[in-house]
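Just so we're clear, the structure is a prediction, and the values are computed from it rather than from any experiment. Each chain gets a letter, A, B and so on, in the order its sequence line appears, and its residues count up from 1.
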There are 2 protein chains.
Amino acid sequence: MSSPQPFKRVNRESTAGLITRQLREAIMFGRLGPGTQLSEATLAAEFGVSRGPLREATQRLVQEGLVRAEPHRGLFVKELDAHEVRDLYAARTAIETAAGRTIIRQRQQRAVLALRSAYEAMQSAAESGALDDLSDADLHFHEVLVSSAGSPRLQRMHQTLMVETRMCLTALQGTYRDPEDQVAEHRRITEAIASGDSDAFAGAIEEHMQEALDRLIPGGRSADAATHG
Amino acid sequence: MSSPQPFKRVNRESTAGLITRQLREAIMFGRLGPGTQLSEATLAAEFGVSRGPLREATQRLVQEGLVRAEPHRGLFVKELDAHEVRDLYAARTAIETAAGRTIIRQRQQRAVLALRSAYEAMQSAAESGALDDLSDADLHFHEVLVSSAGSPRLQRMHQTLMVETRMCLTALQGTYRDPEDQVAEHRRITEAIASGDSDAFAGAIEEHMQEALDRLIPGGRSADAATHG
DNA sequence: CACTGCAGGATTGTTGACAATCTGCAGATT
DNA sequence: AATCTGCAGATTGTCAACAATCCTGCAGTG
């Protein structure tokens with residue numbers, strides 16, 4: 001920013017906001033596994049607050065789709081079955097494709113630089129063999145992709161999806177993947193954007209998502225539209 | 001649907017849910033205009049409930065992006081400036097394009113039928129000169145488009161966007177538009193999907209959104225990326 | 001032996017009151 | 001005259017208790 005502004009804004013995050021963030025992270029990284037029931041009283045005691053702010057926090061997570069609320073029953077961490085995971089990646093494909101196309105249409109050089117930088121972070125993480133860092137860099141790459149499009153709404157929707165993505169990755173922690181491949185796919189995405197080839201980019205994203213899906217749902221092929229509300 | 005299910009589920013909507021819906025509608029249709037401050041105490045009294053459930057309801061609206069919360073200041077109905085409206089339609093374009101492409105890829109005949117039906121509803125509304133009905137049918141068409149893709153996440157994100165869209169339409173109530181054009185654009189969209197031409201469809205949607213934007217922001221052309229945090 | 005009805009225990013949904021914070025205005029000061 | 005200080009009023013943020021609802025297990029009955 002151009003204005004100096006020597007002091008940071010004082011901590012103005014609401015209690016509910018703090019709790020929301022902590023719970024979200026706990027869910028993301030599997031400390032609260034899928035299906036776990038969240039007891040308001042227990043959590044409130046743990047956080048050292050009353051049930052009011054805690055309720056507010058959980059309601060936010062419900063709206064984000066991370067927590068499922070059954071009336072008078074309780075709150076449960078959402079479980080992602082194969083169908084859900086497919087939907088998640090379909091939604092991500094939609095958002096990220098749109099973001100990339102926007103970047104290409106606007107010929108945003110800054111976005112290309114940011115993506116290259118994010119890509120290089122992945123590369124060095126892969127070289128040093130830090131798999132956790134590589135995973136982080138991977139997610140970060142996709143966040144940069146969407147945020148570069150400059151659409152607050154797209155970005156907000158994407159953030160929610162990325163939290164769920166992290167849940168998936170946490171779930172298959174321990175599974176292995178060739179870091180080379182992982183980096184190469186992102187290289188293709190980056191270069192497609194850099195060269196301004198919109199269709200090549202869309203194809204690369206599509207393939208990338210399919211790749212991820214195949215790893216997450218080994219057996220799953222078709223979505224069988226039979227039981228389809 | 002095929003399963004009979006002779007009884008509807010008993011009314012199990014929480015108080016907060018009811019209030020959320022009412023507030024949302026009030027905002028959508030301009031009964032609570034942009035910038036209006038929402039007083040918790042006043043609203044709670046009007047709804048005849050305590051501040052607890054009401055707070056829960058407003059929090060949901062905040063997360064949906066319809067209401068802006070300033071800490072210790074109050075809640076304000078969000079105002080959509082030109083930049084926001086552009087973003088809104090960009091996001092809609094992203095979602096609806098993705099939905100249509102999915103439908104085309106899966107060759108969903110049912111979706112084509114549903115779209116044709118929605119299109120015909122627009123047509124008859126246009127012929128009878130019922131502009132409000134035409135407007136409703138228009139929004140319904142886009143909802144059908146997205147819901148036909150069968151992606152819960154896409155649909156949920158789209159619903160939020162459609163509420164904001166309705167806000168925009170409410171704002172320019174009284175402005176006129178040739179119903180013929182409006183219907184024709186949706187005809188092009190429908191036929192592009194029916195014929196399976198993915199790129200033609202994307203073009204039709206793009207153009208449709210641009211058309212709407214031009215009407216909403218008469219002077220606005222470029223998004224000037226200068227002040228772009 | 002299977003089904004129905006009911007209390008026990010626990011959880012959520014709701015309420016009204018209390019505390020912290022912000023805005024705007026009156027009054028004092030330079 | 002302009003600016004700063006402090007108070008009043010109003011609003012939100014938080015809390016602990018009350019009421020309604022739901023699940024579980026057991027006794028009773030055909």
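- The side-chain heavy atoms of A:Q106 and A:I103, taken from C-beta on, include no pair separated by under 4.5 Å.
- The shortest side-chain heavy-atom distance between B:R153 and A:E84 falls under the 4.5 Å cut-off.
- Remark: P of D:dG13 and CD of B:E56 are 15 Å apart, rounded to the nearest angstrom.
- Closest contact between the side chain of B:S50 and the listed nucleotides D:dT12, D:dT14, C:dG16 involves C:dG16.
- Applying the 4.0 Å criterion to OP1 and OP2 of C:dT15, one finds that B:R51 has every side-chain N and O outside that range.
- Comparing the end axes of the helix from C:dC1-D:dG30 to C:dT30-D:dA1, each fitted to five base pairs by superposing C1' atoms of four pairs onto the next four, gives an inter-axis angle of 10° (nearest 10 degrees).
- In this structure, CG of B:L18 is placed 14 Å from C1' of C:dT14, rounded to the nearest angstrom.
- Checking the phosphate oxygens (OP1, OP2) of C:dG13, a side-chain nitrogen or oxygen of A:R55 falls inside 4.0 Å.
- Among the atoms of the strands shown, none is found under 4.0 Å from any heavy atom of B:L54.
- With respect to A:E164 and A:R92, no salt bridge is recorded, no charged nitrogen being found less than 4.0 Å from a carboxylate O.
- Note: NE2 (A:H72) to P (D:dT21) measures 6 Å, nearest angstrom.
- Note on B:G52: a base of the nucleic acid sits closer than 4.0 angstrom, heavy atoms only.
- Under a 3.5 Å cut-off, the side chain of A:Q159 and the backbone N or O of A:L154 do not form any donor-acceptor pair.
- Rounding to whole angstrom units, CD1 of residue A:I19 and C1' of D:dC15 are separated by 13 Å.
- Taking atom CZ of B:F47 as the reference point, atom P of C:dT15 lies 13 Å away to the nearest angstrom.
- If you measure from atom CG of B:L75 to atom P of D:dA10, you get 19 Å, rounded to the nearest angstrom.
- Across C:dG16, D:dC15, D:dG13, the shortest atom-to-atom separation from the side chain of A:V49 is found for D:dC15.
- Taking atom CD of B:Q37 as the reference point, atom P of C:dC22 lies 15 Å away to the nearest angstrom.
- At a threshold of 4.0 Å, the pair A:R116-A:E120 does not count as salt-bridged, since none of the basic side-chain nitrogens sits closer than that to a carboxylate oxygen.
- The aromatic rings of B:F141 and B:H186 sit perpendicular to each other, their planes meeting at more than 60°, with 30° as the lower class boundary.
- Distances shown here put a side-chain N or O of A:R73 below 4.0 Å from the OP1 or OP2 atom of D:dC23.
- Of the residues near DNA chain D, A:E70 and B:E40, the one whose nearest nucleotide (by heavy atom distance) lies more toward the 5' end is B:E40.
- Checking side-chain atoms of A:T93 against main-chain N and O of A:Y89 turns up a donor-acceptor pair under 3.5 Å.
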